[in-house]
Amino acid sequence: MTVGSMENVEVFAAEGKGRGLKATKEFWAADVIFAERAYSAVVFDSLVNFVCHTCFKRQEKLHRCGQCKFAHYCDRTCQKDAWLNHKHECSAIKRYAKVPNENVRLAARIMWRVEREGTGLTEGCLVSVDDLQNHVEHFGEEEQKELRVDVDTFLQYWPPQSQQFSMQYISHIFGVINCNGFTLSDQRGLQAVGVGIFPNLGLVNHDCWPNCTVIFNNGKIELRALGKISEGEELTVSYIDFLNVSEERKRQLKKQYYFDCTCEHCQKGLKDDLFLGVKEDPKPSQEVVKEMIQFSKDTLEKIDKARSEGLYHEVVKLCRECLEKQEPVFADTNLYTLRMLSVVSEVLSYLQAFEEAAYYARRMVDGYMKLYHPNNAQLGMAVMRAGLTNWHAGNIEVGHGMICKAYAILLVTHGPSHPITKDLEAMRVQTEMELRMFRQNEFMYHKMREAALNNQPMQVMAEPSNEPAPALFHKKQ
């Protein structure tokens, strides 16, 4: 499929939701409906020295632009490809003598492109940047203040010889970034590294239980089908993580995207009973449940504090205590139990206490399987991590099973060419080989495994961060 080819979709008036996109033909799970390159994109302020400003890959050694000393690139090819978009930015940074924040840099890049190509539709775009929603009229006091600061900075940064835009238009572009900015992840899809504007993607409406997912791969986004989609059906993605009660999701969507979610899961409160699940026999009183929720919230705050200070053993202690207290009260799908299981399995893996981590990871995955859409990308990543943890713990059968399950999900959500799917395929082959050996001679398997682990440094899990997994859309929280 060619990037920018949009014959699979058409714009229509979605009831109560403004514009939307619908399929012009039938799709099945894992089909790429369309691929789109960013209209404009920038690297986050915190990562400008570690990520290529063209392809958004994380690299150890990057070349720096000799002129502005700000832009960084993998190599000469990336630097050459960037010049059209970096040329004005380069001289503006030199003139301004400092680097403005990512929002201002993105707004400027968008406006230099508008200056170059005009405001009409660019090739392969169903909607122009001018026609994207900005929601500036819905901004609260705090957002209005941030907007004024950004506009002021922009006016100082914008070169006098460039085309001059009205204040209204500048505000529109900042509004567009605020509610249509899409998070770009690094090549492995594990870290959010930048933000971009993808006009066609901006037309896809939200549903908490969507029929599509979006993945950033090799410099472009792909809209991928999660299951069968009929001709004429609206295409939807989820703007937020599903793992929350409907009221909380609705509050988050209203605050960040300024609309009331009317999807079936929110209207009927589907799965809320599982998110708030309590033990059946004996059933705890409402008072006990209320106290347990408060205790869990307090513990999560203490955990955040301990994590931010790098006190990982303290984090584990807090999680263990909380899970023990939750045990007689909460069901295994309860949100607070799942949050504890997620934190404790991740931190124990980092501390290389794999056996205990594996036990908690299995419990977490069991809960997730009852809650998430079977082809949810976050579920796939969680199952992959749990599979790795179990493999490290020597639970080869469980580990292999989870890695196979994760691979099946990621083939749909990420596709076979995504680096993380390729990694997973290699792990699947390796664990399958180990499993065969294990079934033939368990004693020999453990001996060989021990020797292999003593020989090669263990692939240690990344240090746990307080950062959540990259969200789909980039919002100032």
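The aromatic rings of Y368 and Y372 stand perpendicular to each other, their planes meeting at an angle above 60°, with 30° marking the opposite boundary.
Here the side chains of H86 and R109 are in contact, with some heavy-atom distance below 4.5 Å. Taking the side chain as every heavy atom from C-beta outward, L243 and F275 approach each other to under 4.5 Å. At a threshold of 4.5 Å between non-hydrogen side-chain atoms, the residues C212 and I33 count as touching. Looking at heavy atoms from C-beta onward, V48 lies in side-chain contact with R105 at the 4.5 angstrom threshold. With a 4.5 Å cut-off on side-chain heavy atoms, K228 and N211 do not count as touching.
Residues satisfying the salt bridge (charged side-chain N to carboxylate O under 4.0 Å, His left out) test with K302, not counting sequence neighbours, are none. With sequence neighbours left out, the salt bridge (charged side-chain N to carboxylate O under 4.0 Å, His left out) criterion links D273 to no other residue. Take K370 and apply the salt bridge (charged side-chain N to carboxylate O under 4.0 Å, His left out) test, not counting sequence neighbours, and it matches D332.
Using a cut-off of 4.0 Å between Lys/Arg side-chain N and Asp/Glu carboxylate O, E397 and R439 are scored as salt-bridged. Look at E301 and K305 and you find no salt bridge, because none of the NZ, NE, NH1 or NH2 atoms lies under 4.0 Å from a carboxylate O. Taking the charged nitrogens against the carboxylate oxygens, K254 and D260 do have a contact shorter than 4.0 Å, which makes a salt bridge. Looking at R251 and E248, a side-chain N of the basic residue comes within less than 4.0 Å of a carboxylate O on the acidic one, giving a salt bridge.
K279 contributes no side-chain N or O that, together with a main-chain N or O of P284, makes up a donor-acceptor pair within less than 3.5 Å.
Side chains of W391 and Q430: no donor on one and acceptor on the other come within 3.5 Å. A donor-acceptor contact closer than 3.5 angstrom is absent between the side chains of T413 and T213.
Summarising the geometry of C319 relative to I303, their closest heavy-atom pair is SG-CD1, 3.6 Å, with the distance given to 0.1 Å.
Here OG of S296 is found 7.5 Å from CG of N334. Values are rounded to the nearest 0.5 Å. Between the CG atom of L341 and the CD atom of E346 there is a distance of 13.0 Å, given to the nearest 0.5 Å.
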